[in-house]
Amino acid sequence: MRELLLPHIARVQAYASVRPPDILEEESGRERGAVKLDANENPYAPTARVREAIAAFPHLNIYPDPEQAHLRKALAEYAGLGPERIVAGAGSDELIDLLVRIFVGVGDVAVTATPTFGMYRFSTQVAGGRLVEVPRDPDDFSLDMHGLLQALQGGAAKIVLLASPNNPTGNTISRREVEALLETGRLVVVDEAYYEFSGESVASLVPHHDNLVVLRTFSKWAGLAGLRVGYGLFPQEVAATLCAVKPPYSVSTLAQAAAIVAVEDRQALLGTVRTLVHDREGLGKALAGLPGARVYPSRANFLLVRFPGRDVAALNRRLRERGIYVRYFTTPGLEDCLRISVGQPEDHRRLLVALREEVKP
Ligand code: PMP
């Protein structure tokens, strides 16, 4: 079958995904729960109302609403834009994949600013496109606007994908930077997966530009990563095209029902977000006290920590042996870094005990 396979698909590198706690516990042979700080999930369960909506859902035998009418109405109220501009997906991952597929064909270019979320590269490769990576400032990870604008001026460039706050660096991009990118006329995708933690958004610009997309998710603030539900705020034409090409039932009935109740219950869920932001600051200070460690400022639910001159791959292995899972990157420029998701206080305590033993002066 190899010769029938599309050549660009044969070259795709699988996305480096994380694994769930039961598999991790099997691997580490531990009875004590693994400390899972590797995927920027919410360490707290969604509210009782959300869990009840899932448990009591009556129609498991019926397909979901392909038009997502109730969910889009709830999202319109939450995001302050009309439902005709909103489409939900099976996580924002599905929307990234769909957007790249409808704009980037074989030989086309997508642009991003690295280091960043790996899905942009993965989806571009699957579509047969080429990802042009414009490196961020190595000191504070700010955008190289000159480099980005230059990359977008190339004839094959169709789309620029930027996360704000960026994963794994935690910094945001400014409204001015987004406006300068919009001037190029290429599709500008601002991935606001961590919006509720930063409180910064360019959503209000969407109705004024026919080339701006904002992506959001219920995986982080609402604690619904396992249900897979994300959404985008789109120019109306792009929303209509996505609706026409997306798999009709990709957002399950349970995901739609839970997301609607999460929006209704947002005061409680945003209370948890405030706790995580508060605990992020405490964790950041404690990590900065480790010998030589540099903690980057973060507007999201994770921290990027650099351990200059240390073998961080080995440090990551030792943490794993102790049942502590954080994110290690082989990406150039991040080899001496760990990304640590904000967890519950007990997770932080176990992480810090381990790190204080492993990171000696
Ligand atoms: N965008 C960014 C920047 C992310 O970090 C993530 C999750 N790791 C996603 C999108 C994907 O989120 P979802 O669970 O909605 O697919």
Side-chain angles (χ1 to χ4, degrees), residues 15-20 36-43 46 68 71 75 78-79 86-100 110 112-124 126 131 133 136 141 143 159-173 188-198 200-203 213-233 242 246-247 250-252 254-256 258-259 262-263 269 276 280 298-304 325-329 331 334 339-342:
Y15 181 72
S17 331
V18 293
R19 288 167 305 154
K36 190 174 188 310
L37 303 175
D38 61 349
N40 302 340
E41 291 140 331
N42 194 320
Q68 312 162 342
L71 176 57
L75 292 172
Y78 180 65
I86 299 177
V87 182
S92 41
D93 282 350
E94 184 185 31
L95 296 167
I96 294 166
D97 181 64
L98 283 171
L99 274 172
V100 171
T112 194
T114 49
T116 194
F117 184 39
M119 199 54 71
Y120 309 146
R121 157 175 285 273
F122 174 75
S123 291
T124 305
V126 171
L131 185 72
E133 302 184 353
R136 291 165 178 266
F141 300 116
L143 297 181
I159 182 172
V160 55
L161 298 135
L162 298 168
S164 181
N166 185 45
N167 173 8
T169 60
N171 57 321
T172 55
I173 56 183
V188 178
V189 180
V190 181
D191 180 348
E192 295 184 355
Y194 303 95
Y195 152 65
E196 283 78 5
F197 298 90
S198 74
E200 259 176 46
S201 177
V202 290
V213 169
V214 169
L215 297 180
R216 303 256 186 92
T217 179
F218 281 75
S219 296
K220 316 295 179 180
W221 73 281
L224 294 177
L227 275 187
R228 314 302 302 124
V229 53
Y231 63 100
L233 311 171
L242 282 176
K246 77 173 183 56
S250 63
V251 188
S252 74
L254 291 181
Q256 295 195 38
V263 168
L269 289 164
L276 289 167
R280 177 190 73 205
S298 168
R299 305 292 305 278
N301 66 342
F302 54 82
L303 290 160
L304 185 70
Y325 292 82
V326 296
R327 190 78 149 99
Y328 171 69
F329 302 93
T331 318
L334 293 184
R339 189 198 66 197
I340 300 172
S341 308
V342 180

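Heavy atoms only: backbone and side chains are in, while hydrogens, waters and symmetry mates are out. Whatever order the structure lists ligands and atoms in, that order sets their numbers, starting from 1.
A search for side-chain contact (heavy atoms from CB on, under 4.5 Å) contacts involving Asn42 returns Tyr44, Thr272, Leu276, not counting sequence neighbours. In this structure, Thr114 has no side chain to side chain donor-acceptor pair (under 3.5 Å) partners at least two apart in sequence or on a different chain.
When only non-hydrogen protein atoms are considered, atom 4 (C) of ligand 1 lies nearest to Tyr194 OH, 3.6 Å. Closest to atom 6 (C) of ligand 1 among all protein heavy atoms lies Phe117 CZ, 3.4 Å. Of all protein heavy atoms, the one closest to atom 1 (N) of ligand 1 is Asp191 OD2, 2.6 Å.
Interface of Ser219 with ligand 1, defined as ligand atoms under 4.0 Å from a residue heavy atom, comprises 13 (P), 14 (O), 15 (O). Heavy-atom contacts of Ala193 reach the following atoms of ligand 1: 1 (N), 2 (C), 10 (C) (cutoff under 4.0 Å).
Put simply, part of Lys220 is less than 4.0 Å from ligand 1, judged by heavy atoms. Residue contact check for ligand 1: Met119 places no non-hydrogen atom closer than 4.0 Å to it. Taking a 4.0 Å cut-off on heavy atoms, Phe218 fails to register as neighbouring ligand 1. Residue-ligand proximity: Asn40 is placed with every non-hydrogen atom at 4.0 Å or more from ligand 1.
Closest heavy-atom approach to atom 16 (O) of ligand 1 among the candidates Glu94, Arg228, Glu41: Arg228. Selection from Ala300, Ser92, Ser341 by nearest heavy atom to atom 13 (P) of ligand 1 gives Ser92.
A perpendicular orientation is assigned to the rings of Tyr231 and Tyr78, their planes being inclined by more than 60° (bins at 30° and 60°). Ring-plane geometry between Phe117 and Tyr120 is classed as perpendicular, the angle between the planes exceeding 60 degrees on a 0 to 90 degree scale with a lower cut at 30.
Atom CG of residue Leu143 and atom CZ of residue Arg136 lie 5.0 Å apart, to the nearest 0.5 angstrom.
Looking at every heavy atom in both residues, Gly89 comes nearest to Glu94 through CA-OE1, 3.3 Å.
Residues Asp93 and Tyr15 bring no donor and acceptor atom of their side chains to less than 3.5 Å of each other. In this structure, a donor-acceptor pair under 3.5 Å is present between the side chains of Arg339 and Asn167.
Of the heavy atoms in Asp93, both backbone and side-chain atoms come closer than 4.0 Å to ligand 1.
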